[in-house]
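Labels below follow one simple rule: chain letters A, B, ... track the order of the sequence lines, proteins then strands, and each chain is numbered from 1. What you are looking at is a predicted structure, and each value in this text was computed from that prediction instead of being measured.
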Amino acid sequence: LIGEYLKANVPAVVDFNVVKGFLNLVLNERVWVDLFEKIYSNPSLGQLSSNGQKVMVEYSSPNTNKPLHLGHLRNNFLGYSVAEILKANGYEVVKANLVNDRGIHICKSMVAYRHFAQGETPESAGIKGDHLAGKYYVLFDQEYKKQIKALVAEGQSEEEAKKNAPILLEAQEMLRKWEAGDKETVSLWKMMNSWVYAGFDATYQKMGVDFDKFYYESDTYLLGKDIVEEGLAKGVFFKKENGSVWVDLTDEGLDEKLVLRGDGTSVYITQDMGTADLKYKDFGLDKSVYVVGNEQDYHFDVLFKIMRKLGRPYGPGLYHLSYGMVDLPTGKMKSREGTVVDADDLMQEMIDTAEQHTKELGKIEGFSVEQAKELYEILGLGALKYFLLKVDPKKRMLFNPQESIEFQGYTGPFVQYSHARIAAILRKADQLGVNYQESQFSGITALAESETALIQILNDFERKIKLAGEDYSPAVMAQYLFELAKEYNRFYAEVPIFHEKDQEILKFRVALSALTAKTIKKGMSLLGILVPDRM
RNA sequence: GGUCCUGUAGCUCAACUGGAUAGAGCAACUGCCUUCUAAGCAGUAGGUUUCAGGUUCGAGUCCUGACAGGAUCACCA
């Protein structure tokens, strides 16, 4: 309403913020109540109308030789949340996962398994399949290092030894066999991958993320060679004497970049070109968002420039959502050095901490065992997701395992708590038969400052959804929800609800609470976070 | 060495894309549970926005340089 008033009455371009303070003085309660009723009666709160565009959000992209870690948590939560935010902005969204299920790193796990496992399975070992594969990946590395040491002792240089270690040669041989379709190798590969997928499924379920479409590199790694031919024909690529094919991006400020090896085999970017075409063929996308860490900025810069040079219709819609790494106080996570924070472990730790907090606060009476368990998951994962999403995705962030993730202040549980409080109020309203849904609030003549402030923030919800969508930033939504919850808590502390004698005002305050709860619930769902009715 | 990203309170992060007195949370300190959930609320203290210049009526934000941290620059993925 304020915006419309300004458009109609203020001729020049005026900064909204400058005018807002002035309006606060001038606007009477009538306007605030009207504004509230307008939002309150909107049945599609938080869902903008369709814009007719289709977008793919690709995230997760795990390697099938080891379990998911903290970095994957940020990636998955980000990707899932961005997908939800784009849906709310009126896009049709396809959530995709490009699984890296082939290559030398998987062969390493397979070789080590063959040497050391003695037929061990996830069932017999009692560990998840992805952790089992990870175990043998680590064993490979230990054995590899041992062999290098031995070779160096025999007089080889370190560099030679790294190339000649028998177990590495074995892994390379296994990759050749896999590519040739060797039966025994392929069947071992299938068996181990099936274990890993079972493990991933469990982790994804715990994380609360899902996918509409899986792509597997074992299916796509040969794609893209036809595009190389096309690029040569179009003069976008050129061939060197040894037969290797390159693209010249010096006019775009980049270098020359290889797109096909001299022996005619693919490199990383060859298959990414092919996969880009495949996605478009499958879905006819207007936009494609790649949620990938910023270490691959250069790669995607090159990829997108190539596809645009080739005149792909989807070229302008390609976007790399480049997020920063999660660092530990000791530096970067390295799987081989055992400094990785495991996704399953961390989630369980958060759930346990939630349980501990809840019990300390004595807030567990009246819960069944199942309900309590569900609550701990909602709170633990809510804290974790909020922690990872409240920071600007582009920035790298610090995670200190020594300091536990907070449950107080600017956190997920803070927002969840506000929702639970309101849910209690709504239960009481129902109990007392307060009919707040159908009320017209025309009788309201006085509003507390915290009430007008709350209405202002509620009015901002859709604007924030748009902003979060334009910036691909769940952090915008996380911040908004914190401010909303904070403002509600102030209202809650300062203004009585059921002790109010005027029935119209009482109903209005319940309705204001109900709208706040609805907004929190919807907003948190855009972050992939659930909200409890009691906590 | 080239390119890119980052540098804001003791710590972790904001600042609506160039606007008015740079805001939150944590940590510290002071109040508030005999009224709807204290995982909360109100308050105190904490800043030369890494440094030096420049553009502008106005700069944390834009430009140049320095310093510090990170990423990347494979016929790896």
Between [X] and [Y], is there a side-chain N and carboxylate O pair less than 4.0 Å apart?
| X | Y | answer |
| --- | --- | --- |
| A:K486 | A:E483 | no |
| A:K163 | A:E159 | no |
| A:E487 | A:R490 | yes |
| A:E252 | A:R308 | no |

Identify which nucleotide among [options] has an atom closest to any side-chain atom of [X], counting heavy atoms from C-beta outward.
| X | options | value |
| --- | --- | --- |
| A:Y298 | B:C41, B:C73, B:A39 | B:C73 |
| A:H499 | B:C36, B:A77, B:G40 | B:C36 |
| A:F414 | B:G69, B:C41, B:C36 | B:C41 |
| A:A493 | B:C41, B:A77, B:U17 | B:C41 |
| A:F482 | B:A77, B:U37, B:A24 | B:A24 |
| A:R463 | B:C16, B:U37, B:G40 | B:C16 |
| A:Y417 | B:C13, B:C36, B:A38 | B:A38 |

Quiz item: Step by step, would you call A:Y215 with A:E217 a side-chain contact (heavy atoms from CB on, under 4.5 Å)?
Solution: CA-CA 7 Å; A:Y215 288 103; A:E217 286 199 10; over 6 Å; no
Could you tell me how far apart [X] ([atom1]) and [N] ([atom2]) are, to the nearest whole angstrom?
| X | N | atom1 | atom2 | answer |
| --- | --- | --- | --- | --- |
| A:L467 | B:U17 | CG | P | 8 Å |
| A:F367 | B:U37 | CZ | P | 13 Å |
| A:R490 | B:C36 | CZ | P | 21 Å |
| A:E487 | B:G25 | CD | P | 13 Å |
| A:E483 | B:A14 | CD | P | 13 Å |
| A:Y410 | B:C26 | OH | P | 13 Å |
| A:W246 | B:C73 | CH2 | C1' | 12 Å |
| A:E295 | B:U6 | CD | P | 17 Å |

Parallel, tilted or perpendicular: which one describes the rings of [X] and [Y], with boundaries at 30° and 60°?
| X | Y | value |
| --- | --- | --- |
| A:Y410 | A:F482 | tilted |
| A:H357 | A:F407 | tilted |
| A:F304 | A:Y290 | tilted |

Practice problem: Kindly indicate, with the supporting measurements, whether the criterion ring pair (Phe, Tyr, Trp, His ring centres under 6.0 Å) is fulfilled by A:Y488 and A:F491. | Solution: CA-CA 5 Å; A:Y488 183 81; A:F491 160 77; 5.4 Å; yes
Which is true for [X] with a 4.0 Å heavy-atom rule: it touches a base, it touches only sugar-phosphate, or it touches nothing?
| X | answer |
| --- | --- |
| A:D471 | base |
| A:M325 | nothing |
| A:G103 | nothing |
| A:L361 | base |
| A:D327 | nothing |
| A:L379 | base |
| A:N65 | nothing |
| A:D297 | nothing |
| A:V495 | base |

Self-check item: Criterion side chain to side chain contact (heavy atoms under 4.5 Å, CB included) against A:L379, the qualifying member of A:E374, A:M535, A:M350
Solution: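 Testing each of A:E374, A:M535, A:M350 against A:L379, the sole residue satisfying side chain to side chain contact (heavy atoms under 4.5 Å, CB included) is A:M535.
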Gap in Å between the two [atom1] atoms, one belonging to [N] and one to [M], rounded:
| N | M | atom1 | result |
| --- | --- | --- | --- |
| B:U49 | B:U21 | P | 14 Å |
| B:C16 | B:A59 | P | 16 Å |
| B:G69 | B:U8 | C1' | 16 Å |
| B:U35 | B:C41 | C1' | 15 Å |
| B:G2 | B:G40 | P | 50 Å |
| B:G19 | B:G60 | C1' | 13 Å |
| B:G58 | B:G43 | C1' | 33 Å |
| B:A28 | B:U64 | C1' | 42 Å |

Quiz item: Should B:C33 be called syn or anti, with syn set as within 90° of 0?
Solution: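 B:C33: syn.
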Quiz item: What is the glycosidic conformation of B:U50: syn, defined as within 90° of 0, or anti?
Solution: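 Judged by the O4'-C1' to base torsion, B:U50 sits in anti, the angle falling more than 90° away from 0.
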Exercise. Specify the residue among A:R427 and A:D392 whose closest nucleotide of RNA chain B lies further upstream toward the 5′ end.
Key: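 Comparing both residues, the 5'-ward one is A:D392.
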Self-check item: Given RNA chain B, 5'-ward residue of the pair A:H357 and A:E494, judged by closest heavy atom
Solution: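 Nearest nucleotide further toward 5': that of A:H357.
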Quiz item: Counting only heavy atoms not in A:K521, do more than 12 fall under 6.0 Å of its NZ?
Solution: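 Atom NZ in A:K521 is not crowded, with 12 or fewer foreign heavy atoms closer than 6.0 Å.
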Practice problem: Could you run through RNA chain B and flag its stems, i.e. three or more consecutive Watson-Crick or G-U pairs with both distances under 3.5 Å? | Solution: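 As far as RNA chain B goes, consecutive pairing (with distances under 3.5 Å) yields the stems B:1-7 with B:67-73, B:10-13 with B:23-26, B:28-32 with B:40-44, B:50-54 with B:62-66.
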Quiz item: Would you find a donor on one side and an acceptor on the other, under 3.5 Å apart, between the side chain of A:R421 and the backbone of A:N489?
Solution: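 Not confirmed, A:R421 side chain does not pair with A:N489 backbone.
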Below the 4.0 Å mark, does [N] have OP1 or OP2 next to a side-chain nitrogen or oxygen of [X]?
| X | N | answer |
| --- | --- | --- |
| A:K486 | B:G25 | yes |
| A:K390 | B:A24 | no |
| A:R261 | B:A77 | yes |
| A:N294 | B:A71 | no |
| A:R421 | B:A38 | yes |
| A:K257 | B:A74 | no |

Exercise. Would you state whether a donor and an acceptor, one from the side chain of A:K394 and one from the base of B:U6, lie under 3.5 Å apart?
Key: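 Such a pair does not exist between side chain and base.
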Quiz item: Do A:T358 and B:A39 have a side chain to base donor-acceptor pair shorter than 3.5 Å?
Solution: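 Per atom types, the contact qualifies.
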